[in-house]
Each structure stands twice: as C-alpha cells, then as structure tokens.
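Structure first, commentary second.
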Amino acid sequence: MKAVGYKKSLPIEDQDALIDFEATKPEPKGRDIRVTVKAISANPVDYKVRKRAAPPEGETKILGYDTAGVVDAVGPDVTLFKPGDEVFYAGSIQRQGTNSEFHLVDERIVGNKPKSLSFAQAAALPLTSITAWELLFDRLGAVPGKSVDPRTLLITGGAGGVGSILVQFARRLTGLTVVATATRPESQKWCLDLGAHAVIDHGKPMKEQIEKLKLPPVALVASLTFTEQHYKSIAEFMAPQGKFGLIDDPAEFTVSAFKGKAISVHWESMFTRSSFQTPDMIAQHHLLNDVADLIDKGVLRTTLDQTFGTINAANLKRAHALLESGKSRGKIVLEGW
C-alpha cells in the first residue's frame with residue numbers, strides 16, 4: 001500500500017522530512033478494524049512527533065491521526081462495525097498513523113462518519129472534536145444544556161483546529177458566554193462566525209479588553225496555544241475557584257500562579273484513553289457518534305478551511321510547514337491517493 005512517513009527527524013524544509021514509500025497492508029486482529037483511508041487532516045501533533053520521535057534505525061514511521069474512510073476488514077472480536085461502514089476517527093499515538101492507504105484502529109475509538117459530510121469534511125473533525133469535548137465537559141466540567149450559565153469561558157487561540165470546534169461546542173451545547181482570542185482580522189471574523197460572543201486580541205493585554213466587555217466572570221479557561229506567554233496574566237483576571245485547562249506543551253509553567261484564587265489546573269490529552277486502554281475507552285466511540293449526529297442535525301459544522309490535494313509527501317510537507325508557522329486557521333485536509 002502507499003504511505004507517507006519519515007526515517008529521521010528533520011526540518012520540514014529537508015527533502016526527506018517526509019517521504020512517499022510502499023508499506024505492507026496490515027491485517028486486523030482482536031478489536032481492530034482495517035479502514036480504507038479516503039481523507040486525512042493534519043494537526044500540530046503530527047509535526048511535534050516528527051520533530052521529536054525518530055523511528056528505530058531502518059524503520060519508517062507513518063504519521064497522521066485524523067481520517068475518514070470505509071471499513072475494509074474487521075478483527076474477530078469486532079462488534080461495532082462491519083465492512084462497508086463509513087467511519088471517522090483519530091488513531092492512537094502509539095501505532096502507525098493514518099497517512100497510508102489502509103489503517104488499523106481499535107473500534108472503541110471510532111465513530112460513524114456524519115452522513116451529511118464528504119470524507120474530506122469529516123476528516124477535519126475527530127482529533128479536535130475529541131480534544132475539545134473532553135476539555136470542555138470532562139476537564140473543565142461545563143454543564144451540557146442551554147440553561148443560562150453565569151460564567152464566561154475564555155478560549156485562547158480560538159481560530160485554530162481545536163478552538164474552531166470548541167467555540168461551537170460551548171456556544172451550541174452550553175449556556176456559557178464564549179470569548180475567543182485571535183490576532184488577525186480574518187481569524188477574529190472566523191471565531192465570530194463560529195459562534196463566539198466576543199473576540200479579543202491575545203497580542204495585546206487581555207485584562208483590559210476583558211474588563212471593557214463587561215461580561216460574566218471568566219471562570220473557565222481553555223488555553224490552547226502559547227500557554228507560557230499568557231497564563232500568568234490570565235490568572236490575574238480569572239474568577240476565584242475557576243478552572244484552567246490546557247493542551248499545549250508550555251516550556252515554562254508554574255502552577256502556583258493559580259494558588260491564591262484556588263484555581264484548579266487541568267491537562268487534556270485525547271490520546272490518554274487509547275494509550276492506557278482505560279476502562280472508559282469506548283467513550284470516544286460514543287463521543288464521535290454524538291458529534292456526527294449534531295453535524296447531521298445542523299447544530300455544528302465542519303472546521304475544514306483548506307484542502308491541499310491528494311495524500312502524498314509533498315502536500316503533507318506543505319501542511320506541516322503551515323501548521324509550524326502558527327498561521328493556519330481551522331483544519332487542513334488532504335484527500336485521495
């Protein structure tokens with residue numbers, strides 16, 4: 001089968017940073033399903049793994065976590081899917097990735113593809129939807145339902161992949177007031193179009209901008225990017241006894257900044273359930289099915305922003321480069337072989 005991978009951790013400008021190669025078509029065992037990959041999307045975790053995790057000598061590592069495709073074959077213990085089912089999911093960080101014609105994945109982290117979306121539109125959603133859902137409801141404890149919630153949720157980096165779906169979840173599924181941060185005018189408009197009540201510029205002091213809005217207290221924060229630059233200033237205007245959640249990898253982070261206000265700190269990693277085979281691992285199957293249902297009902301929309309052509313090394317290098325620049329908006333998708 002065709003695949004895209006890397007042998008060494010190299011800068012994205014290097015011609016061998018990502019390479020096209022032929023791999024052996026894998027066979028499903030246990031609860032694995034084999035999926036014919038129709039479309040994939042790129043995420044920051046792709047380039048972070050490429051930079052930090054060189055494969056063993058002589059091996060080629062396949063990246064990619066988001067995909068939408070068709071079940072091709074199933075292992076003997078599979079009960080949730082059958083060949084021919086259309087699915088979408090974000091795979092395990094401990095296994096070969098989705099940048100290949102066929103891919104093995106545990107059925108418990110797979111959802112039924114939204115019927116109203118194309119494969120490309122669906123491929124934009126799984127990893128960011130799981131991250132945003134778990135962060136909002138499992139970590140920050142937001143209350144599902146549209147009853148008025150007298151709190152504000154601040155989402156830093158609202159125009160990114162996770163931010164683009166988190167804004168929608170918070171606005172459509174809770175009663176929270178939603179404030180996103182973005183610096184560029186086009187990114188600010190993107191956040192407002194997705195449902196944010198207001199947008200502020202995280203390139204400028206945030207406290208003054210928040211105070212001018214005269215909104216309910218900022219009790220919940222989803223810090224999605226550049227946490228080390230912003231967390232101390234955010235702590236100054238957060239409500240006492242609030243909750244601060246983060247998903248990035250801050251080079252510097254001192255939890256004592258939140259002690260005086262008894263603000264709790266929550267990490268979110270959507271790979272935790274699959275990496276540790278947690279008893280509630282199947283929650284991601286149910287979560288993705290809920291997202292698909294909300295998409296098909298018109299409550300949510302895809303966060304696909306750009307399509308970079310077919311799945312190959314050259315196009316994936318373009319996607320990695322844009323993600324590394326920090327200037328991407330929504331999701332980048334590649335489709336077909």
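In this chain, residues are counted from 1 in sequence order.
Scanning both residues, Asp20 and Ala313, for their nearest heavy atoms gives OD1-N, 2.9 Å. In terms of heavy atoms, Ser116 sits closest to Asp296 at OG-OD1, 2.6 Å. Taking each heavy atom of Gln168 and Arg301 in turn, the nearest pair found is OE1-N, 2.8 Å. Considering all non-hydrogen atoms of both residues, Ser41 and Ala123 come closest at OG-O, 3.0 Å. When all heavy atoms of Ser129 and Val291 are compared, the closest pair comes out as OG-CG1, 4.0 Å. Closest heavy-atom contact between Ile62 and Gln96: N-OE1, 2.8 Å.
When the shell of 6.0 Å around CD of Gln241 is examined, it contains 12 or fewer heavy atoms from other residues, nucleotides or ligands. The number of heavy atoms from other shown groups lying within 6.0 Å of CD (Glu252) is above 12. The number of heavy atoms from other shown groups lying within 6.0 Å of NZ (Lys48) is above 12. Residue Lys146 places its NZ atom among more than 12 non-hydrogen atoms of other residues, nucleotides or ligands, all under 6.0 Å distant. By the 6.0 Å contact criterion, CD on Gln15 is open, its count of non-hydrogen atoms from other residues, nucleotides or ligands being 12 or less. Enclosure of atom CZ in Phe271 by more than 12 non-hydrogen atoms of other residues, nucleotides or ligands within 6.0 angstrom is indicated.
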Going through the checks in order, is the side chain to side chain contact (heavy atoms under 4.5 Å, CB included) test met by Leu246 and Trp267?
CA-CA 5 Å; Leu246 66 159; Trp267 290 96; 3.3 Å; yes
Evaluate side chain to side chain contact (heavy atoms under 4.5 Å, CB included) for Asp305 paired with Ser328, printing each intermediate quantity in order.
CA-CA 9 Å; Asp305 184 52; Ser328 62; over 6 Å; no
Please walk me through it: do Glu134 and Thr272 pass side chain to side chain contact (heavy atoms under 4.5 Å, CB included)?
CA-CA 11 Å; Glu134 291 183 351; Thr272 297; over 6 Å; no
Checking side chain to side chain contact (heavy atoms under 4.5 Å, CB included) for the pair Gln284/Arg108: CA distance, chi angles, key distance, verdict?
CA-CA 7 Å; Gln284 292 188 345; Arg108 288 171 290 179; over 6 Å; no
Could you check Asp85 against Lys82 for salt bridge (charged side-chain N to carboxylate O under 4.0 Å, His left out), going step by step and ending with a plain yes or no?
CA-CA 6 Å; Asp85 288 345; Lys82 63 185 185 304; 3.0 Å; yes
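Geometrically, Arg50 does not engage Tyr6 in a cation-pi contact, judged by NZ or CZ lying under 6.0 Å from the ring centre and within 45° of the ring axis. For the pair Lys207 and Phe237, the cation does not sit on the ring face, since its NZ or CZ is not both under 6.0 Å from the ring centre and inside 45° of the axis.
Here the straight-line distance linking atom CG of Leu300 with atom CG of Asp290 works out to 10.5 Å at 0.5 Å rounding. A distance of 10.0 Å separates NZ of Lys61 from OG of Ser9, quoted to the nearest 0.5 Å. Atom CG of residue Leu154 and atom CG of residue Leu176 lie 12.0 Å apart, to the nearest 0.5 angstrom. Atom OG1 of Thr67 is separated from atom CD1 of Ile40 by 7.0 Å, given to the nearest 0.5 angstrom. The line from CG of Leu215 to OG1 of Thr152 is 5.0 Å long, rounded to the nearest 0.5 Å. Atom NZ of Lys2 is separated from atom CD1 of Ile311 by 10.0 Å, given to the nearest 0.5 angstrom.
Val49 and Leu322 fall within a single hydrophobic cluster, where Ile, Leu, Val, Met, Phe, Trp and Tyr side chains are chained together by heavy-atom contacts under 4.5 Å. Hydrophobic clustering of Ile, Leu, Val, Met, Phe, Trp and Tyr side chains at less than 4.5 Å, counting indirect connections, unites Val167 with Leu220. In terms of hydrophobic clustering, with Ile, Leu, Val, Met, Phe, Trp and Tyr side chains grouped at heavy-atom distances under 4.5 Å, Val71 and Ile109 are assigned to a common cluster. Val70 is not connected to Val87 by any chain of hydrophobic side-chain contacts under 4.5 Å among Ile, Leu, Val, Met, Phe, Trp and Tyr, and they are in different clusters. Criterion: ILVMFWY side-chain heavy atoms under 4.5 Å apart, direct or through other members. Under it, Leu334 and Phe102 are not part of a common hydrophobic cluster.
Side-chain polar atoms of Lys7 and Thr60 form a donor-acceptor pair below 3.5 angstrom. Between Asp248 and Thr225, the side chains place no donor N or O within less than 3.5 Å of an acceptor N or O (distance only, hydrogens not considered).
Using a distance-only test at 3.5 Å, with no hydrogens or angles considered, no donor-acceptor pair links the side chain of Lys115 to the main chain of Asp293. Checking side-chain atoms of His197 against main-chain N and O of Val179 turns up no donor-acceptor pair under 3.5 Å. With hydrogens and angles ignored, the 3.5 Å screen pairs a side-chain donor or acceptor of Lys261 with a backbone N or O of Glu236. Gln188 places a side-chain N or O within donor-acceptor distance of the main-chain N or O of Ala182, the cut-off being under 3.5 Å. Arg184 contributes a side-chain N or O that, together with a main-chain N or O of Lys327, makes up a donor-acceptor pair within less than 3.5 Å. Here the side chain of Ser100 pairs no donor or acceptor atom with the backbone of His103 at under 3.5 angstrom. Remark: the backbone N or O of Gly203 is paired with a side-chain donor or acceptor of Asp201 at under 3.5 angstrom. No donor-acceptor pair closer than 3.5 Å links the side chain of Thr254 to the backbone N or O of Ser256. Using modelled atom types, one side-chain atom of Glu107 and one backbone atom of Thr79 make a donor-acceptor pair closer than 3.5 Å. In terms of modelled atom types and a separation under 3.5 Å, the side chain of Lys113 and the main chain of Leu117 share a donor-acceptor contact.
At least one side-chain heavy atom of Leu136 sits less than 4.5 Å from a side-chain heavy atom of Leu153. The side-chain heavy atoms of Asp14 and Lys8, taken from C-beta on, include no pair separated by under 4.5 Å. Side-chain contact between Leu135 and Leu166 is present, with heavy atoms from C-beta onward closer than 4.5 Å. In this structure, the side chains of Glu268 and Thr131 come closer than 4.5 Å at one or more pairs of heavy atoms. Here the side chains of Val110 and Val105 are in contact, with some heavy-atom distance below 4.5 Å. Put simply, the side chain of Thr156 reaches to within 4.5 Å of the side chain of Ser223, judged on heavy atoms. Taking the side chain as every heavy atom from C-beta outward, Tyr231 and Met238 never approach each other to under 4.5 Å. Between Asp32 and Val78 there is no side-chain heavy-atom pair separated by less than 4.5 Å.
The existence of a salt bridge linking Asp72 and Arg34 is confirmed by a sub-4.0 Å separation between a basic side-chain nitrogen and an acidic carboxylate oxygen.
Each of Leu192, Val178, Ile155, Thr181 was compared with Val199 under the side-chain contact (heavy atoms from CB on, under 4.5 Å) criterion, and only Leu192 meets it. Shown are Phe88, Phe81, Tyr89; of these, the ring pair (Phe, Tyr, Trp, His ring centres under 6.0 Å) with His285 is made only by Phe81. Considering Thr307, Asp66, Thr302 in turn, Asp66 is the only one that fulfils the side chain to side chain donor-acceptor pair (under 3.5 Å) rule with Lys331.
In this pair, Phe169 and Trp133 present their aromatic rings perpendicular. The plane angle is above 60°, beyond the 30 to 60° band.
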